[in-house]
Every structure is written in C-alpha cells, then in structure tokens.
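Structure, as structure tokens:
So you know, we letter chains A, B, ... as the sequences are listed, proteins then strands, and number each from 1.
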Amino acid sequence: MTQTRKVTHNKLLGIPLPAGHTGVDLIISALRIIIVALIVIGASSTLLEGRFTFEQWLALLFAGLAQGSIYALIALGYTLVYGILRMINFAHGDVFMAGAFTTVFLAKSLQQSGFLDSQPLLAILILMGFAALVSMTVAVLLERIAYRPLRNAPRLVPLITAIGASFFLQYTFRGLFGSGFKAYPTVAFLRGTIAVGSINIPVAQIFVFLSAIVLMLCLYWLVERTRIGKAMRSVSEDKEVATLMGVNVDLIIVFTFAIGGALAGAAGVINGFFRPQGVNFFMGFFPGIKAFTAAVLGGIGNIPGAMLGGMFLGVIETIGPNLVLNGLGIPSANQLKDVIAFTMLVLVLIFRPQGILGERLSVEKA
Amino acid sequence: MKKVAFLLFAILLTFAVGAHADGHCSDEIGCVVLAPDDPVTIGVMSALSGPVAFLGEDSVGGVEIALNRRGGLALGREIELITEDSLCSAEGGQTAAQKIASDEQILGVVGTSCSGAAASALPVISAAGMLMISPSNTSPALTNADMDAGGLWQPGYYRTAHNDEFQGAMAAEYALNELGAASAATIHDGDPYTDGLQAVMARTFGEMGGDVVFQGAVNKGDTDMTAILTEIATNPPDVLYFPIFEPEGNFVAAQSLNVPGLEDTILMGADGLLVASFPEATGEAAIGMYLSGPYLSSEDYSAFLAEWDEEFGGAPPSGFHAHAYDAANILLNAIESVAVEQEDGSIVIGRQALRDAVSATEGYAGLTGVLTCNETGDCATGEALGMYLITEAEVTEGNWPPDVIWSKAEAAMDDM
C-alpha cells in the first residue's frame with residue numbers, strides 16, 4: 001500500500017513540521033517522552049526515599065509473577081481464538097468463571113471426604129481436569145450457538161454477541177449457584193513458604209507460576225509440534241486455502257475453543273488455590289479484561305506473547321503503584337494500579353504497536 | 001389585576017376539583033385509594049443483579065419473611081410486593097424509582113441497597129409523595145437535610161440501617177480505648193460507603209489522640225492486595241481498619257498473613273464483612289479479627305435465622321436482612337395505623353399521614369434493636385451496634401454469628 005504525503009501540509013499549531021513528520025507523530029513522540037519521564041522520576045524518587053526494603057520489592061515481584069500467571073493462562077484463550085478467527089471472545093473471562101465456580105463445590109466435597117488433605121496433588125489434578133471439562137463444554141457450546149452462525153458476519157457482530165454471551169453466562173451461573181461468595185478450601189502444603197535468601201516465598205505463588213509455565217509449554221508443543229497444531233496454524237493463515245488442503249476448518253475452530261476453554265478452566269482451579277476467596281458469578285469479568293490486555297500487550301495471536309504479557313501486567317500491577325505513583329506523590333496509589341497497568345499498555349503500544357512479541361499483521365490478516 | 005384574579009380562581013378551581021375527585025382524601029400530598037378487592041401494594045428496590053446482588057437477595061428475603069409472618073396480609077388484604085432492580089448505581093436507582101413512582105397504588109418502598117442508588121431514587125420517590133425505608137443505606141449524606149453541606153435528605157426518606165457516623169466512630173473508640181491501639185491504617189474500596197466509614201474512623205481516631213499512619217484504597221474487583229499491604233507494612237500500624245466487602249475484604253485479610261511486618265497488626269472490619277461466608281472463606285487469617293455491626297443476638301433473631309434456613313436454605317448472604325425485616329414491618333405498621341376504611345369497603349391512605357406515621361416511630365422493638373426515627377429519617381440509634389470477634393469456632397466449625405464482645409449500649413451502662 002503506498003501513500004503519498006504532501007509534506008507542505010503538515011503543520012502543528014501553524015508551525016510547519018520537518019519533512020516526513022505529521023502532527024500525530026509529534027504528539028506521540030511527546031507522549032513517549034512524558035510517560036517515560038514520569039516513570040523514571042517516580043521510580044527514582046521512591047527508590048531514593050528508601051521506604052521499601054529490597055526484600056519487600058522481591059516479595060512484590062513474586063506476587064506479581066503469580067498474579068500474572070493467572071492472567072497469562074486466561075490470555076492464552078483470547079490469543080488462540082484471535083489467532084484463528086480474528087475475533088475477540090469477550091465471554092472468555094466467563095468461561096474461566098464457569099470452571100472455577102462449578103469446581104468449588106467438588107473441591108469442598110473432596111475436602112470434606114479428606115481426600116484433598118491425604119492426596120493433595122492428585123486431588124488438585126482431578127479438580128483441574130473437572131474444571132477444564134466444564135469450561136471446555138461451555139466454550140464449545142458458546143462457539144456452536146453464539147459464534148458459528150455469525151462467522152461470516154461483519155467483525156463487530158460477533159464482538160457484540162460475545163459481550164451478550166458474557167452476560168448470559170454470568171447470570172446463568174448466578175441462577176445455578178446463587179449470588180453469594182464461595183471459597184476454595186486451602187491445602188496445607190500450599191500454605192507454607194520457601195526461604196530463598198532473605199525472603200520467604202509462599203508456596204502457592206510458586207505453584208501458580210510453575211503450573212502456568214507447564215500448561216503453556218504443553219500448549220506450545222501442541223500448536224507447534226503436532227498435526228492438529230499444524231492444522232490450527234494453517235487455518236490461522238488462510239481459512240480458504242486450509243479448506244482446499246483438506247483441513248476441516250469447523251473442527252479446528254471447535255478444537256481451538258475447546259483448548260482455550262480447558263486452559264481457562266484449569267486456570268480457574270489454579271486461581272482457586274492461589275486466591276481461594278471471592279468465587280462468584282462475577283469473578284471472570286476483571287480477570288477477563290486484564291487477560292485481554294495481557295494478550296494485546298504480548299502481541300495478540302502469539303502464545304509466548306500472551307504468557308509474557310500476562311506476567312508483565314501482573315508485575316506492573318503489584319510493583320507499579322508503589323514504585324512509580326508513590327514516588328510522584330499521588331495519594332491512594334494502589335487504587336490507581338489499573339491506571340499504571342493501562343498506561344504501560346499504552347506505552348508498549350506506542351513503541352511497539354504489534355505488542356511485545358507480536359508480528360506485524362499483514363493487511364490480509366488484520 | 002384581572003390576571004391575578006383569574007389565576008387565583010384557576011388555582012381554587014383546581015383544588016376544588018382535586019378534592020372532589022379524591023372523595024374522602026384530605027391529605028395534602030394525596031391519597032392511595034384501595035378499592036374493595038385491591039391488594040395492599042408495597043415496593044422493594046434492591047440490587048438484584050450485578051456484583052452486589054447478594055445484598056438485594058438478603059434484603060428481599062428479609063422483607064419476604066416479614067410478609068410471611070403476617071400471613072401475607074395487611075389490613076386484611078393480600079400484600080402485593082413489587083420488586084425492582086435498583087442495581088448499586090445512580091442509574092439503577094433512577095430507573096427503579098421511576099418504575100415505582102409510575103404505579104400509584106404503591107404505598108411505600110423498602111430500599112435501596114446502596115447509598116449511591118438512593119441518592120438518585122430519593123428525589124423521584126419524594127416527588128411522587130411516596131416514602132422509602134432503606135435497610136442498608138448508611139451514607140451520612142442521605143439523612144442530612146443541609147443541602148449546602150452535601151446533604152441529600154428529602155421528605156419521605158427513612159432508614160433502618162445505622163448511619164456511618166455511628167459505626168466509624170465506634171470502631172475508632174474501640175480500637176483506642178479497648179484495644180489500646182496507638183496507630184491505625186485504613187483501606188477503602190472507592191465506594192462512598194466504605195470511604196465514608198474509613199473517613200469517620202480516621203477522623204475520630206485522630207481526634208481522640210491516635211495516629212493515623214495510612215489511608216489508602218483498593219479497587220472493587222482486585223484480587224491481589226500484596227502491593228497495598230506491603231506499603232502499609234513499611235510502617236506497621238497497631239490496627240488495620242478496612243470496612244469493605246466480600247471478596248476484597250477476604251483478600252486483604254487472607255493476604256495480610258503473607259506480608260512480613262503485619263504480624264502484630266490487629267485487623268478490623270465493618271458490617272460489610274459481617275457475613276457467614278466471610279470467616280469460612282478467609283480461613284485462619286480471620287481468627288482474631290474484629291468486626292463492627294448491628295447487635296443481633298436476641299432470641300428473636302435466632303428464630304428469624306431458623307425461618308430463613310427453612311424458607312431459603314442456609315444463612316442470609318449479607319448483614320442487612322434484619323434491617324429489611326424491620327423496614328417492612330415499620331412500613332406495614334404505619335400503613336395499618338393510618339388506613340381509613342370507607343363505607344363502600346374501600347380504604348383510603350393519606351400519603352402525608354403515612355410519612356408522619358413512619359416519622360413518629362418511637363421505641364419500636366425490632367430485630368435490629370430499638371428503633372426511633374428522627375426528623376430526617378434516621379431510625380437506627382447507633383446504640384444497637386456491637387463489636388464481634390471472629391474466633392476459631394466461626395472459621396472451622398461454621399458457627400454464626402460470632403459473639404458480641406463489646407457494645408456501645410453495654411459500655412454506656414457500665415459507665416453509669
């Protein structure tokens with residue numbers, strides 16, 4: 001695509017700009033400088049003040065990585081579906097909720113029977129499997145009922161449908177399980193801490209982080225090394241050509257939703273053992289938004305990108321308010337942690353519009 | 001001059017016609033006339049959907065039990081309950097109030113759940129000549145008639161919930177005098193309710209000679225509280241007061257265990273966390289935590305809980321069901337006291353008379369204590385508040401409610 005620019009017309013406040021620059025370029029450059037300057041000033045003044053110890057920063061870092069792992073697992077579902085369909089499945093946060101909310105009852109009964117305490121790892125695996133199954137079913141039904149009939153509709157139509165589906169899922173589960181808050185039981189081995197140097201890292205944080213890495217590696221292997229993964233990639237490249245090559249596109253799309261759903265369900269249980277409280281029908285909304293942000297941050301459509309985006313977002317959320325906003329003297333800094341997170345999103349996107357690991361989308365894909 | 005005379009005549013005519021149309025109504029803001037087979041209609045405006053839907057569920061349950069105990073009857077007629085979803089927002093309150101106001105048979109409303117919804121619902125309800133009794137609005141502004149000072153009160157507003165001024169001050173007093181705390185930190189979640197409560201607590205704590213070392217906030221929907229807790233841990237307070245709700249309150253309490261520096265900090269919450277699911281969900285972190293809330297320990301309340309379990313199963317999802325029960329009863333009692341039966345079997349209820357009857361509530365022994373309404377609609381006196389201590393029994397054995405270890409009323413008695 002070629003574009004001819006009339007350089008002489010580029011003016012900002014009546015001042016002619018150098019050749020090749022538009023007013024927008026200049027504003028974006030200014031924005032980059034301002035944001036980076038604010039971050040540097042805030043961070044350095046906090047560090048100079050020395051209110052937080054090194055151990056506290058490390059503890060925040062690990063907490064952020066663990067929280068980010070949850071975002072990352074949900075973000076994988078966004079990224080998979082986007083990669084294949086170029087569609088943002090806004091109901092994905094509620095697919096996560098479906099698995100987490102349904103499994104809380106099984107988790108309770110496993111605890112009451114004593115199985116959870118005698119065989120914690122096996123019990124957690126069973127719970128993850130169950131939640132994955134529930135979320136997978138919900139995701140596949142969602143695709144079949146809400147998205148497939150609209151596959152060839154303009155792009156905004158499935159997006160709006162997804163938002164509708166999100167509400168539908170929330171209130172269906174509210175009807176099923178009520179509006180009260182439930183909590184996962186706690187497991188003894190997850191309550192402990194491991195001493196690393198001078199700080200104690202909660203085992204739960206390590207558990208979340210490792211589970212997320214393992215699941216992501218499995219997914220990466222599936223997509224990059226297996227036959228069905230190859231088919232997924234081919235559908236992602238070009239649906240029509242993939243059909244001509246004998247790929248069953250409908251099946252691949254269902255499979256993608258199923259995998260994304262299963263990951264979300266597993267994430268629901270992992271989240272349940274990491275942050276046991278607050279299980280209710282609305283619990284998928286905010287993690288869903290954060291995970292979507294993480295997917296965009298990492299480069300939507302890219303699996304390691306989603307993982308990296310999630311971790312990055314988690315760490316920024318926990319460290320950002322204390323490091324940057326406190327240093328700038330902003331009161332109630334923690335309430336503004338989303339501001340920090342989304343400012344980071346803006347920052348990453350003005351430097352790298354395609355996301356951290358994203359590829360530049362060709363015209364055809366975008 | 002001619003014009004003025006004409007205008008006067010027109011006004012007189014309107015009055016005359018109005019009086020004629022209303023038949024036996026002599027009430028200055030109008031009457032509700034119930035034909036011989038009309039039901040007695042009252043409304044409920046609650047948060048029935050959205051993240052705090054449990055608050056609405058809790059209140060509606062309280063109202064339904066109040067109705068059940070009357071056999072579903074008032075003035076010998078069926079009670080019809082119109083339920084509107086007022087969400088927990090200004091828009092929700094506005095919409096619900098307009099729906100309620102458009103039904104002229106509705107005598108009064110129990111609601112809203114949230115103070116934010118009440119602020120926009122009240123002008124509509126007030127202008128329609130109706131009245132609303134909220135079971136869970138606690139914002140001081142709603143019963144403050146001084147508009148210049150941010151007051152939102154309008155005629156027709158009442159509440160059985162306790163004003164934040166009482167609860168916040170009690171928390172500060174308890175922390176300083178009974179727990180011997182010298183420093184305090186507070187966390188709110190951006191909601192006017194929690195912000196107001198922590199502001200009153202911090203102000204009172206400071207005025208009484210305590211040191212408020214941190215006032216911060218989290219967001220609704222946050223799950224990770226490490227950042228704010230670590231910030232608080234840089235200068236650990238004796239008491240951490242977070243009058244917020246589930247699930248954020250659970251996260252703050254549970255995660256405070258993992259933050260070095262907060263080992264000796266006493267956790268304190270308010271009635272938002274005084275719910276059966278809180279200790280069980282929070283686990284060991286909740287043991288030793290203090291919660292302020294309505295002093296509900298009477299035998300009547302136990303009977304109420306048993307009835308709830310029978311009717312809906314389990315325990316009420318939040319802490320304002322008894323307030324809703326009292327609100328419904330005050331409303332229905334007032335309706336019964338001002339209703340005038342006509343010869344043709346219809347019943348006339350004057351709207352101003354109804355308001356006056358609710359305003360005149362004095363010494364009413366409700367589930368939430370003794371209620372006396374003041375001129376701006378505060379019916380809870382604040383004496384019916386107590387401090388609860390969460391112990392092992394609530395966390396592991398499902399005991400609920402916890403024991404009240406201190407109450408303002410009893411402390412006042414001891415001083416005498």
When rounded to the nearest 0.5 angstrom, what distance separates [atom1] in [X] from [atom2] in [Y]?
{"X": "Asn219(B)", "Y": "Phe286(A)", "atom1": "CG", "atom2": "CZ", "answer": "8.0 Å"}
{"X": "Ile232(B)", "Y": "Asn334(A)", "atom1": "CD1", "atom2": "CG", "answer": "8.0 Å"}
{"X": "Gln170(A)", "Y": "Ser49(B)", "atom1": "CD", "atom2": "OG", "answer": "10.0 Å"}
{"X": "Arg191(A)", "Y": "Glu284(B)", "atom1": "CZ", "atom2": "CD", "answer": "5.5 Å"}
{"X": "Lys220(B)", "Y": "Phe285(A)", "atom1": "NZ", "atom2": "CZ", "answer": "14.0 Å"}

Quick one: what part of [X] sits under 4.5 Å from any heavy atom of chain B, side chain, backbone, both or neither?
{"X": "Tyr184(A)", "result": "neither"}
{"X": "Asn326(A)", "result": "side chain"}
{"X": "Thr318(A)", "result": "both"}
{"X": "Phe281(A)", "result": "side chain"}

Quiz prompt | Electrostatic pair Lys337(A)-Asp224(B), nearest N-O below 4.0 angstrom | solution = no

Quiz prompt | Side chain proximity check, Gln277(A) to Phe278(B), heavy atoms < 4.5 angstrom | solution =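 No; the side chains remain at least 4.5 Å from each other.
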
Practice problem: Over all heavy atoms of both residues, which pair between Gln335(A) and Gly190(B) is shortest? Give the atoms and the distance, please. | Solution: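 Taking every non-hydrogen atom into account, NE2-CA, 3.2 Å.
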
Quiz item: Which heavy atom in Pro247(B) sits nearest to a heavy atom in Gly278(A), and how many Å separate them?
Solution: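 Smallest interatomic distance, heavy atoms only, reads CB-CA, 3.2 Å.
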
Counting only heavy atoms not in [X] (residues, nucleotides, ligands), do more than 12 fall under 6.0 Å from its [atom1]?
{"X": "Phe167(A)", "atom1": "CZ", "value": "no"}
{"X": "Phe54(A)", "atom1": "CZ", "value": "no"}
{"X": "Phe168(A)", "atom1": "CZ", "value": "no"}
{"X": "Glu263(B)", "atom1": "CD", "value": "yes"}
{"X": "Lys99(B)", "atom1": "NZ", "value": "no"}

Quiz item: Hey, which of Ala281(B), Gly216(B), Ser318(B), Ser277(B) has the most heavy atom pairs under 4.5 Å with chain A?
Solution: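 Most heavy-atom pairs within the cutoff with chain A belong to Ala281(B).
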
Quiz item: What option among Val259(B), Thr230(B), Asn250(B), Thr226(B) has the most heavy-atom pairs under 4.5 Å with chain A?
Solution: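 Looking at each option in turn, the highest pair count goes to Thr230(B).
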
Please state whether the side chain, the backbone, both or neither of [X] comes within less than 4.5 Å of a heavy atom of chain A.
{"X": "Gln215(B)", "value": "backbone"}
{"X": "Thr234(B)", "value": "both"}
{"X": "Asn258(B)", "value": "side chain"}
{"X": "Asp189(B)", "value": "backbone"}
{"X": "Glu246(B)", "value": "both"}

Quiz prompt | Side-chain (Asn322(A)) to main-chain (Ala227(B)) donor-acceptor, under 3.5 angstrom | solution = yes

Quiz item: Without hydrogens or angle criteria, can the side chains of Thr223(B) and Arg275(A) be said to hold a donor-acceptor pair below 3.5 Å?
Solution: no

Quiz item: Is it true that the side chains of Glu57(B) and Ser179(A) contain a donor and an acceptor less than 3.5 Å apart?
Solution: yes

